[in-house]
Amino acid sequence: MSRTVVLRNTVLAIALAVSGTALAEQALTEAKVRAQLTEQGYTHINDIKFRDGVWKADARSAEGNRVDVRLDPKTGRVYPDEQVANLSEADVRARLAVAGYTNVHDVDYEDGIWNAEADDPAGRDVELKIDPRNGRVIGADKD
């Protein structure tokens, strides 16, 4: 393969990765994140950021407790940090394997969601954010 073809393919891969992250981020805007949290009873919403493939914010729950929340960038589903996981680490690993992820490691439950690192079905090294109820990948970011 010529250098030109390799360079063009590399540029295309980088553009696709960047646009994929931008599309995920744009599917839910900062204003929509704030509105979603407000609709669910959260107040004092601060530090809204798109990071690691999911939206993150600090807020107060309806009970007045300080919480860190994560939001699925596609659906807007809210994952408060005190949420209890319905899946074990073994369940998460199994769900990722079925979804085509390999070399799964550094699986941990933190801030209301499962986190893992793996190679995606295309062989890219990614950091994953996983729904604690069903094992669905809600966010992915290149590692």
Looking at [X] and [Y], what are the two nearest heavy atoms and their distance?
| X | Y | value |
| --- | --- | --- |
| P132 | G112 | CG-O, 3.3 Å |
| G53 | D141 | N-CB, 4.0 Å |
| R51 | K56 | O-CE, 3.8 Å |

Could you give me the CA-CA distance, side-chain angles and deciding distance for L87 and R95, then say whether side chain to side chain contact (heavy atoms under 4.5 Å, CB included) is met?
-> CA-CA 10 Å; L87 301 173; R95 304 272 169 101; 3.8 Å; yes
With sequence neighbours excluded, residues passing side chain to side chain contact (heavy atoms under 4.5 Å, CB included) with R77 = D72, T75, Y79, D131, R133
Pairwise side-chain contact, [X] with [Y], heavy-atom cut-off 4.5 Å (strictly under):
| X | Y | value |
| --- | --- | --- |
| L71 | L37 | yes |
| D52 | K129 | yes |
| Y101 | V126 | yes |
| I113 | N115 | yes |
| R136 | I130 | no |
| Q36 | W55 | no |

For a side-chain contact (heavy atoms from CB on, under 4.5 Å) with D111, tell me which candidate from D81, V67, V69 qualifies.
-> D81
V137 and V54: same hydrophobic cluster, using ILVMFWY side-chain contacts below 4.5 Å?
-> no
Do the side chains of Y109 and I138 join up, straight or via other hydrophobic residues, at under 4.5 Å, putting them in one cluster?
-> no
If you measure from [atom1] on [X] to [atom2] on [Y], what distance do you get to the nearest 0.5 Å?
| X | Y | atom1 | atom2 | value |
| --- | --- | --- | --- | --- |
| E89 | R93 | CD | CZ | 4.5 Å |
| D125 | N103 | CG | CG | 7.5 Å |
| R66 | S61 | CZ | OG | 11.5 Å |

Indicate every side-chain donor-acceptor pair of residues 39-50 with a distance under 3.5 Å to a residue at least two apart or in another chain.
residue	atom	partner	partner atom	Å
N46	ND2	H44	O	3.2

